[in-house]
Amino acid sequence: MLLERHKNVLFARSATAAALAAGTLAGLGIAAVHGTPAARPPALVRHGSAPLLAAPFRFDPLAAAVKRARHQPRPRHATAAGPRATISLYERTAYPRTLRRQGCTAAKRGVGGVVILDFGQPAYNGHTYGTNLFSGRFAGNAEITRGLLAYARGYAYCVDPSSDLRISLARGTSNYHPAVPSAYKAGRKWARETMRLSQILRREGVDRFVTSAAADDVEPAWDRTFHRTRDFYRGYRDGGLGHLLYNYGSLDGGVGSIWNLRQAFYVAAGMKYARPIPEIYNHAMARQWAELAHIARHVYHRPVQFAGVMTTHTSANHGMKPADAHRSLVRALATVGASAADLPPTLTNIRSAY
């Protein structure tokens, strides 16, 4: 949609402000979140081309709970009024201290579900694959993994261990004009880093609260031929790692407007790891996704397994709120005779990281 088509320009203009913000947050660190000094997580060092943990790290839920009880109020939880939305972010940095603070802030909101950290378009710097962040700076895949690990640690440290809160943390990119020599290799490497983060979370015990996933902001207008989007998805699939790839994109006019049914279905459900968390910014977008689900059921005899909905509501843009977007998609599915019974109440609202 219009907002999505201009977001790269908008964030690029904020590059200077983002750099200042990242420097400020680096000075604050995790101690600013808790009000007390916190032990620094183990450093990441390189061995060959792959960064490894310099020392073993194990999450101690009891010790974390004692610190929280002394220094923090208990987090608020979702009430019977309905599920609350997670906050997904357009990232301007992959700096670990910044992302660790983001993770702690997310935990203190008392919300679980899917969290997507969008690191921008796929990119290659001549040596390694990665993304162009919304600050305009390049971040390699290993750097992004370190940032995601910091976010996960921050969430695990600050979450109430007596709750059942859990997040699926998805490393996000997009199909916006990939600046890479091979979209297939970019997708395959995206899958490998998703698995690598999963292994570290499991080794540290953080997977009790955080699991690893991937995500792609797929919009037909950004790749009208579909070729590069298809190659990225095939590369991710051929990683053979089994982690979900959430499509948090749009349909840009619906099936047949830019992409045909086969293409739109492939990135929503045709690739076996694909699950849509569609952008629902208005009722028209809900109808487009419902139409895809309806046609796919009759043509391919397979459902589109929605994983939730995404919005971009702020007090400034007065966009559709997450709960309203969910209701809109449920009604649109019912209108075309598609099943809404399996549409989970998973809500996420994406905004720029500050």
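Leu169 pairs with exactly one of Leu149, Val115, Leu201 by the side-chain contact (heavy atoms from CB on, under 4.5 Å) rule, that one being Val115.
When ring centroids are compared, Trp190 and Tyr236 stay outside the 6.0 Å threshold.
The line from CH2 of Trp259 to CG of Asp223 is 6.0 Å long, rounded to the nearest 0.5 Å. Note that OG1 of Thr312 and CZ of Arg351 are 10.5 Å apart. Values are rounded to the nearest 0.5 Å. Separation of atoms OH (Tyr266) and OH (Tyr233) is listed at 9.0 Å; rounding is to 0.5 Å. To the nearest 0.5 Å, the span separating OG1 on Thr128 from CZ on Phe138 amounts to 5.5 Å.
In this structure, a donor-acceptor pair under 3.5 Å is present between the side chains of Ser352 and Arg92. No donor-acceptor contact under 3.5 angstrom links the side chains of Thr98 and Thr93, judged on distance only. Side-chain N/O atoms of Thr311 and Asn349 include a donor and acceptor closer than 3.5 Å.
Remark: Arg224 pairs with no residue by the salt bridge (charged side-chain N to carboxylate O under 4.0 Å, His left out) rule, at least two apart or across chains. In terms of the side chain to side chain donor-acceptor pair (under 3.5 Å) criterion, residue partners of Asp324 (sequence neighbours excluded) are, by chain and number, Arg327.
Of the possible donor and acceptor atoms, one in the side chain of Thr131 sits under 3.5 Å from a partner among the backbone N and O of Phe119.
Surrounding NE2 of His283 are at most 12 heavy atoms belonging to other residues, nucleotides or ligands under 6.0 Å away.
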Exercise. Could you walk me through whether Thr86 and Thr348 pass the side chain to side chain donor-acceptor pair (under 3.5 Å) test, one step at a time?
Key: CA-CA 5 Å; Thr86 62; Thr348 189; 2.8 Å; yes

